[in-house]
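Beneath this line is the structure, given in structure tokens, with notes to follow.
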There are 2 protein chains.
Amino acid sequence: MKMNEGVEWALHSCVNLCWIPGETVTAKKLAAFYDLPTAYLNKQLQALSRAGIMSSTSGPKGGFQLAKQPDDITLLDVVVAIDGPEDAFRCTEILKAGPGADPKADYRKTCLVSTAMRQAELVYRRELAARTIADIVAEVEHTFPRTPESTRAWFANLRS
Amino acid sequence: MKMNEGVEWALHSCVNLCWIPGETVTAKKLAAFYDLPTAYLNKQLQALSRAGIMSSTSGPKGGFQLAKQPDDITLLDVVVAIDGPEDAFRCTEILKAGPGADPKADYRKTCLVSTAMRQAELVYRRELAARTIADIVAEVEHTFPRTPESTRAWFANLRS
DNA sequence: GGAATCATACTCGGATAGGTATTGTCCGAGTCTGTACGG
DNA sequence: CCGTACAGACTCGGACAATACCTATCCGAGTATGATTCC
């Protein structure tokens with residue numbers, strides 16, 4: 001069970017964009033900030049665009065910016081955008097191949113093993129949905145008060 | 001984020017073994033019950049053996065049986081045995097490559113993005129750890145009272 | 001007849017290929033900028 | 001001097017390889033069984 005690595009990059013990029021409001025930032029700059037492969041990060045940002053989390057602009061002075069308010073972007077939104085919506089545990093309804101199976105039953109709902117696993121994932125997703133990018137930003141600003149300003153400065157200097 | 005398919009097989013196999021106490025059942029029979037590939041299921045059962053969940057016996061009349069009481073086997077135990085212990089979200093500490101990074105900081109604990117994701121997984125694992133195989137068995141026996149007996153009969157007849 | 005020995009068949013166990021999803025890269029379509037030209 | 005047309009460069013976007021993991025399979029090591037042989 002391995003989550004797409006781009007989720008981490010996407011979350012950090014969202015947080016950084018919160019500190020540069022109203023401006024578009026290119027994938028190149030966002031990648032340079034953490035020394036990430038530009039093209040691959042761009043791929044992840046595209047996914048965020050498709051999900052309506054970011055908006056993109058082409059051409060010079062183009063780039064990405066948040067398309068929604070930070071408190072309206074949950075961690076689950078980002079995870080789903082990058083990693084896909086399907087559950088980790090996939091019920092293949094093996095009971096259907098077992099003896100005494102009911103061909104017309106939906107074992108994704110009937111099978112109690114499937115139900116238990118799904119319940120755990122539900123709790124997991126609920127926890128992710130309860131936290132927004134704004135929450136993370138607020139926590140960072142509380143724990144590391146200098147981070148917002150220094151981040152802003154870094155992107156400003158890079159702009160040169 | 002895709003979980004190993006063998007988890008589903010392993011869970012169902014554990015449940016079935018609960019209804020055939022004190023006997024060893026071969027991977028071949030367990031596979032035949034759900035029409036699964038024998039060798040691959042065998043691989044999963046090996047993992048359960050290594051984890052101390054099942055015990056294996058070689059030779060004729062050999063096979064697998066539960067090594068612990070059903071109420072002492074949590075769903076998390078099975079998931080970890082098959083799918084591995086590492087978390088889905090892997091913090092690669094990209095902050096270390098960022099500007100103003102502290103080389104001696106452990107960003108898996110410091111980074112608030114990592115913390116939030118880890119918290120969600122913790123809730124997930126806690127939910128899995130709260131349910132045991134015995135719970136599943138009890139639920140099945142309550143919802144489908146005929147299942148234990150018919151399962152027992154199926155394995156008995158197969159023995160022929 | 002009973003016991004020990006041996007061949008046999010059956011099981012798990014790990015080592016070995018195949019398929020699929022993730023990771024990484026590249027080039028083209030579109031667009032804004034800045035300049036040059038004409039009025 | 002001002003407006004317009006144009007060339008250029010920069011960005012995202014999706015299509016294209018490389019890699020790693022999951023899935024699937026096979027054959028060997030070990031063991032209990034059952035028959036056979038010897039006492």
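Note that the structure is predicted; figures quoted are calculated from it, not measured. In what follows, every heavy atom counts, from backbone to side chain, and hydrogens, waters and symmetry copies are set aside. Every chain is numbered from 1 and lettered A, B, ... according to where its sequence line falls, protein lines coming before strand lines.
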Atom pair distance, as rounded to whole Å: CG in B:Leu36 and P in D:dT23: 13 Å

Under 3.5 Å donor-acceptor, A:Asp87 side chain and A:Phe89 backbone: no

Sugar-phosphate only, base, or nothing, as touched by B:Asn4 at under 4.0 Å among non-hydrogen atoms: sugar-phosphate

OP1 or OP2 of C:dG13 under 4.0 Å from side-chain N/O of B:Ser56: yes

Length of the line joining A:Gln65:CD and D:dT11:P, which is rounded to integer Å: 15 Å

Sugar-phosphate only, base, or nothing, as touched by B:Lys43 at under 4.0 Å among non-hydrogen atoms: base

Atom pair distance, as rounded to whole Å: CD in A:Glu8 and C1' in C:dT23: 15 Å

Nearest-nucleotide 5' precedence on DNA chain C, A:Pro60 against A:Gln44: A:Gln44

Selected nucleotide, minimal atom distance to B:Gln46 side chain, candidates C:dT11, C:dC26, C:dG13: C:dG13

DNA chain D: 5'-proximal contact among B:Glu5 and B:Thr57 (nearest heavy atom): B:Glu5

A:Gln69, CD atom: more than 12 neighbouring heavy atoms under 6.0 Å: no

Nearest to side-chain heavy atoms of B:Tyr40, which nucleotide of D:dC22, C:dG13, D:dG13: D:dC22

Spacing of B:Leu41 atom CG relative to D:dC22 atom C1', expressed in whole Å: 16 Å

Short side-chain N/O contact from A:Arg90 to OP1 or OP2 of C:dA21, under 4.0 Å: no

Protein-nucleotide distance (A:Met3, atom CE; D:dA20, atom C1'), rounded to Å: 18 Å

Selection from C:dT23, D:dG13, C:dC12 that lies nearest to any side-chain heavy atom of B:Ser58: C:dC12

d(CG, B:Asn42; C1', D:dT23) in whole Å: 15 Å

Distance in angstrom units between B:Lys61 NZ and C:dT8 C1', rounded: 16 Å

A:Ile133 vs A:Cys18 side-chain heavy atoms within contact, under 4.5 Å: yes

Any side-chain heavy-atom pair of B:Ile20 and B:Gln65 under 4.5 Å: no

Touch class at under 4.0 angstrom, heavy-atom based, for A:Gly6 against every strand present: nothing

Side-chain N,O (B:Arg50) to OP1/OP2 (C:dG14) below 4.0 Å: yes

Closest to the A:Ala39 side chain, choosing from C:dT23, C:dT25, D:dG13: C:dT25

Per B:Phe64 side chain, nearest of listed nucleotides C:dG13, C:dT31, D:dT33: C:dG13

Student check: side-chain heavy atoms of B:Met117 and A:Leu128 closer than 4.5 Å: yes

